[in-house]
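Data first, discussion second: the structure below is written as structure tokens.
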Amino acid sequence: MKLFASLAALALVAVACGGGTETKEDGPTIVVGSFGFGESEIIGEIYRQALEAEGYTVEHNVQIGPREIVKPALESGEIHIVPEYVGSALEVGFGVTPSGDGEASRDQLEELYEPLGVSVFGLAPGEDKNTYIVMKAFADQYDLESISDLAGVGRTIEFGGPPECTERPRCLAGLQGTYGLDLNFTALDAGGPLTMAALTGGEIELGLAFSTFVFNPDVVLLVDDLLLQPDENIVPVVNNVIIDAYGSDIEKILNAVNSKLTTADLAAMNKRFGVDKEDAADIAADWLADNG
């Protein structure tokens with residue numbers, strides 16, 4: 001995925017910064033970036049369209065990849081706005097254990113990003129956590145309701161998830177350490193078509209998915225009874241070069257949007273994207289219209 005912000009362009013922005021004096025017509029193009037999955041693309045589209053409706057020129061760099069790529073691009077100014085997930089932003093981005101409270105985690109993230117020239121806006125009520133899924137037949141066979149129940153399987157369990165799962169403390173290592181599970185890991189994707197196909201096809205018995213992405217009635221979400229996963233409310237993180245150029249209106253617009261973004265909204269939009277194969281831009285436009 002191409003990131004298109006040259007050093008020359010950044011220099012021009014830096015010269016213009018200082019008091020939010022740029023006009024919407026003459027100021028820098030705002031670049032929104034999204035992670036490498038559909039939900040992030042949809043939220044990025046909501047941010048883009050909301051800002052464009054207020055007269056800003058906005059580009060959306062879609063499905064860039066994981067946080068290891070997106071975070072440096074945000075800090076360097078190659079992208080300016082990212083819809084983040086507060087728990088993972090702390091733990092993966094900064095190596096800090098998230099608080100059990102979303103607002104407290106947001107405040108932690110704000111403190112960590114401040115010296116890097118990045119602002120953290122208001123928390124959405126909606127969140128999307130990592131969850132662990134099995135087929136209903138497998139759950140019925142072993143009487144599974146929670147992740148802890150997997151210990152009763154009594155053998156190595158075939159587990160599939162994104163390649164970065166081996167490096168994430170709340171993924172493979174968390175399942176092994178917190179829950180004491182015996183797992184054989186296969187690198188697939190983050191709850192996407194590869195993981196779902198492998199699970200429904202019997203190649204794996206346990207999969208990682210996002211909590212707002214599970215639409216198959218034959219798939220069971222296991223309860224995270226030992227609270228391995230942190231709160232993952234969505235929060236806009238914004239490079240200050242854009243705030244310096246345009247002032248506080250950017251924050252007002254994104255906070256107004258984010259304050260209405262619920263978990264139920266995310267699930268409904270994800271179904272339209274992942275199952276009905278609708279375009280993220282159309283889904284975002286409908287959500288904005290429905291929410292005024």
Side-chain angles (χ1 to χ4, degrees), residues 1-6 9-10 13 20 22-67 69-71 73-86 89 118-126 128 212 233-262 265-266 268-270 272-274 276-292:
M1 180 59 64
K2 182 180 178 184
L3 297 176
F4 42 88
S6 68
L10 289 173
V13 171
E22 294 278 8
T23 66
K24 295 174 184 178
E25 294 77 15
D26 299 330
T29 295
I30 300 172
V31 182
V32 177
S34 55
F35 295 114
F37 55 92
E39 179 177 275
S40 184
E41 181 179 344
I42 294 167
I43 302 168
E45 271 298 299
I46 290 173
Y47 289 176
R48 178 185 72 81
Q49 293 181 30
L51 290 167
E52 284 187 343
E54 295 296 332
Y56 297 94
T57 301
V58 188
E59 295 174 357
H60 183 192
N61 225 342
V62 303
Q63 302 224 17
I64 296 169
R67 194 166 281 100
I69 297 173
V70 173
K71 182 173 179 284
L74 173 71
E75 293 170 5
S76 71
E78 291 182 89
I79 53 179
H80 304 131
I81 299 172
V82 175
E84 254 292 10
Y85 296 81
V86 67
V118 174
S119 292
V120 179
F121 291 168
L123 212 63
D128 185 3
T212 59
N233 302 77
I234 293 161
V235 62
V237 290
V238 182
N239 189 292
N240 287 343
V241 70
I242 292 301
I243 301 172
D244 292 341
Y246 291 118
S248 62
D249 282 351
I250 300 293
E251 182 173 7
K252 293 176 183 176
I253 294 165
L254 293 183
N255 280 349
V257 168
N258 228 46
S259 68
K260 296 185 178 182
L261 194 59
T262 68
D265 289 341
L266 296 175
M269 291 189 290
N270 286 333
R272 289 180 62 182
F273 185 88
D276 302 333
K277 306 301 180 184
E278 296 185 41
D279 187 75
D282 294 336
I283 298 168
D286 288 346
W287 185 90
L288 285 165
D290 290 343
N291 286 275

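Ala124 meets the side-chain contact (heavy atoms from CB on, under 4.5 Å) test with Ile234, Asn258, Leu261; sequence neighbours excluded. Residues meeting the side-chain contact (heavy atoms from CB on, under 4.5 Å) test with Ser119, sequence neighbours left out: Phe121, Asn240, Ile243. In this structure, the side-chain hydrogen bond (donor to acceptor under 3.5 Å, both in side chains) partners of Arg67, at least two apart in sequence or on a different chain, are Glu84. For Asp282, there are no salt bridge (Lys or Arg N to Asp or Glu O under 4.0 Å) partners, not counting sequence neighbours. Under the rule for a side-chain hydrogen bond (donor to acceptor under 3.5 Å, both in side chains), the partners of Glu278 that lie at least two apart in sequence or sit in another chain are Arg272. Not counting sequence neighbours, Asp290 has no partner by the side-chain contact (heavy atoms from CB on, under 4.5 Å) test. Remark: Glu39 engages no residue in a salt bridge (Lys or Arg N to Asp or Glu O under 4.0 Å) (not counting sequence neighbours). By the side-chain hydrogen bond (donor to acceptor under 3.5 Å, both in side chains) test, Ser34 pairs with His60, sequence neighbours left out. Scanning for side-chain hydrogen bond (donor to acceptor under 3.5 Å, both in side chains) contacts around Glu251 gives an empty result, with sequence neighbours left out. With sequence neighbours left out, the side-chain contact (heavy atoms from CB on, under 4.5 Å) criterion links Thr29 to Thr57, Glu59.
No donor-acceptor distance shorter than 3.5 angstrom exists from the side chain of Asn233 to the backbone of Leu123, with no hydrogens or angles considered. Side-chain atoms of Tyr47 do not come within 3.5 Å of backbone N or O of Val82 as any donor-acceptor pair. In this structure, Lys24 contributes its side chain and Gly55 its backbone to no donor-acceptor pair below 3.5 Å. Side chain of His80 to backbone of Val31: a donor-acceptor contact under 3.5 angstrom is found.
The list of salt bridge (Lys or Arg N to Asp or Glu O under 4.0 Å) pairs with a residue in residues 46-57, not counting sequence neighbours, reads Glu45-Arg48, Arg48-Glu52.
Shortest non-hydrogen contact noted between Phe35 and Ser40 is N-OG, 2.8 Å. Of all the heavy atoms in Ile242 and Ile250, the pair that sits closest is CG2-CG1, 4.1 Å. Here the closest heavy-atom approach between residue Pro236 and residue Gly122 is recorded as CD-O, 3.4 Å. Taking both residues in full, the closest heavy atoms of Ala280 and Phe273 are given as CB-CE1, 3.9 Å, listed atom of the first, atom of the second, then distance.
Using cut-offs of 30° and 60° on the angle between ring planes, the pair Phe37 and Tyr85 is tilted.
The side chain to side chain contact (heavy atoms under 4.5 Å, CB included) test with Trp287 is passed by exactly one of Ile43, Val257, Ile42, Leu266: Val257.
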